[in-house]
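Note that ligands are numbered from 1 as they come in the structure, with each ligand's atoms numbered from 1 the same way.
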Amino acid sequence: MKNKIVACLIFALLPLGVQAQEATTKTFWDDPVNHPMTPFYLVIALVAIVTILILVVAIMLLNVLNMFVRKAAEERAAKLGIPYVPEPSWWQKLDRKLTDAVPLEKEETVLLDHNYDGIKELDNHLPPWWKWLFYGTIGWSAVYLVVYHITDSMPLSDQEYQNEVAVASEKLNKLRASQPVAAIDEAGLTYTADEALILKGKSIYISNCASCHKNAGEGGIGPNLTDEFWIHGGGIKNIYATVKNGVPEKGMISWKPILKPEEMRDVAYYILSIQGTNPPNAKAPQGTIWKEEKAAPADSTQAVKPATASL
Ligand code: HEC
């Protein structure tokens, strides 16, 4: 009865927990002391501890009781002058019921007549626990068929996935709508050695770009970003445009769908901040020397999109 009440409590409060978690992005482990569900969890833990204690005491009492019952039975057997045969415990009874194995002393009744180098075979029944499980799976398959394929009352895994994607993209849209991205004036973009922005750009660079351009910008799969040679033009506008549009045919993706405009600007600031740092193991120069006055990119086949392109 007590357990039922606890179960009801848990089921009644579960949706509360789910809502509370959705409302706050903090999980329980971020701040266990102030989490709204903490009192509830404490009550559950307390109930669990008390239940375990009650069970332990009950088992101990039962053992003592058993001892008295056995003593009495032994005395009765001694008085009647018959040998004492202990009653099988509930566990032994259950084990017998579940396995239906023929006891050792009666094994000859199920012994088959073949014998391979002393290895003999017993013709025991299939264990009932196994058979019940098997019948259970047959029953389950019928329920499954009706629920998932005939009445379509529950979604199949594929549909479940689609539903989750739909819910997630709705959330994403809401989040995007609540955080409009700041537009960057690409045409008027100028380089400012703002330390805070350059630091931000550096962390964006390390996590997104260093795999190809290497940590110090010395170049690897991608070109050296610290020298004055540029394939697609140097200067803040060209670098911003290269990062934004990428050079997909050469293996550099467009970062527009991944980075916010201000993040692309910050990473471009960072690249300009490491100009001329001359890191070790620098990759050989690619492209041509960039001079700020020169408007067109060096390689005319790799035309840079106009810096005024909309975001
Ligand atoms: C998968 C590898 C890869 C990643 C990741 C990558 N790049 Fe590149 N990047 C390249 C390649 C390859 C080129 C050369 C393209 C060409 O040859 O035209 C390039 C070119 C560039 C250029 C132009 C260089 C020039 O000489 O004109 C810039 C600027 C640049 N990358 C910045 C970035 C930034 C910023 C990031 C991170 C947001 C980044 N790259 C991430 C591979 C990569």
Side-chain angles (χ1 to χ4, degrees), residues 168-169 172-173 175-176 178-311:
S169 51
L172 182 68
N173 286 341
L175 194 73
R176 282 210 175 125
S178 68
Q179 308 181 326
V181 277
I184 296 274
D185 173 20
E186 288 181 47
L189 203 56
T190 47
Y191 173 58
T192 38
D194 181 321
E195 204 140 316
L197 296 185
I198 289 173
L199 263 181
K200 274 191 201 163
K202 182 175 183 180
S203 79
I204 297 164
Y205 177 88
I206 295 295
S207 42
N208 295 290
C209 326
S211 51
C212 291
H213 293 283
K214 291 290 152 78
N215 275 346
E218 69 267 32
I221 297 169
N224 181 347
L225 297 177
T226 62
D227 60 9
E228 46 186 350
F229 291 83
W230 294 92
I231 307 169
H232 301 283
I236 187 70
K237 287 177 195 157
N238 285 322
I239 294 178
Y240 185 93
T242 312
V243 175
K244 183 180 148 195
N245 303 313
V247 195
E249 66 279 8
K250 295 287 179 62
M252 162 124 154
I253 58 163
S254 153
W255 291 90
K256 191 178 159 195
I258 298 162
L259 298 176
K260 289 187 206 144
E262 71 259 32
E263 289 174 327
M264 293 193 282
R265 177 202 59 197
D266 295 350
V267 83
Y269 278 2
Y270 172 67
I271 291 175
L272 280 170
S273 79
I274 56 172
Q275 276 298 288
T277 47
N278 225 343
N281 304 322
K283 200 175 173 188
Q286 286 168 278
T288 48
I289 292 186
W290 169 261
K291 293 261 165 14
E292 198 53 65
E293 318 79 71
K294 203 159 62 172
D299 183 354
S300 58
T301 58
Q302 297 287 324
V304 173
K305 303 245 165 76
T308 45
S310 67
L311 288 172

Identify each donor-acceptor pair in which a side-chain atom of residues 209-220 lies under 3.5 Å from a protein atom, sequence neighbours left out, and give them as a table.
| unit_1 | atom_1 | unit_2 | atom_2 | d |
| --- | --- | --- | --- | --- |
| H213 | ND1 | P223 | O | 3.0 |
| E218 | OE1 | A216 | N | 3.0 |

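- Remark: ligand 1 atoms within the under-4.0 Å shell around heavy atoms of I221 are 12 (C).
- Within the 2.8 Å limit, T242 places no N, O or S atom next to atom 8 (Fe) of ligand 1.
- Using a non-hydrogen distance threshold of 4.0 Å, Q286 does not register as a contact of ligand 1.
- E228 places no side-chain N or O within 3.5 Å of a backbone atom of T288 that could act as its donor or acceptor partner.
- Looking at I253 against ligand 1, nothing comes within 4.0 Å, counting heavy atoms.
- Of the heavy atoms in W255, only side-chain atoms (C-beta onward) come closer than 4.0 Å to ligand 1.
- Taking each of L225, L272, I206, I231 in turn, the one with a heavy atom nearest to atom 28 (C) of ligand 1 proves to be L225.
- Within the 4.0 Å heavy-atom cutoff, P223 counts among the residues contacting ligand 1.
- Relative orientation of the Y191 and Y269 rings is perpendicular, given thresholds of 30° and 60° on the angle between their planes.
- For the atom pair CG of D266 and CG of L197, the computed distance is 5.0 Å after rounding to the nearest 0.5 Å.
- Residues S178 and L175 approach most closely at OG-O, 2.7 Å, considering heavy atoms.
- Shown in contact with C209 at under 4.0 Å from a heavy atom are these atoms of ligand 1, numbered in order with element: 34 (C), 35 (C), 36 (C), 37 (C), 38 (C), 39 (C), 41 (C).
- No donor-acceptor distance shorter than 3.5 angstrom exists from the side chain of T226 to the backbone of Q275, with no hydrogens or angles considered.
- The main-chain N or O of Y270 is never found under 3.5 Å from a side-chain atom of K202 such that the two would form a donor-acceptor pair.
- Inclusion of H213 in the set of residues having an N or O under 3.5 Å from an N or O of ligand 1 is warranted.
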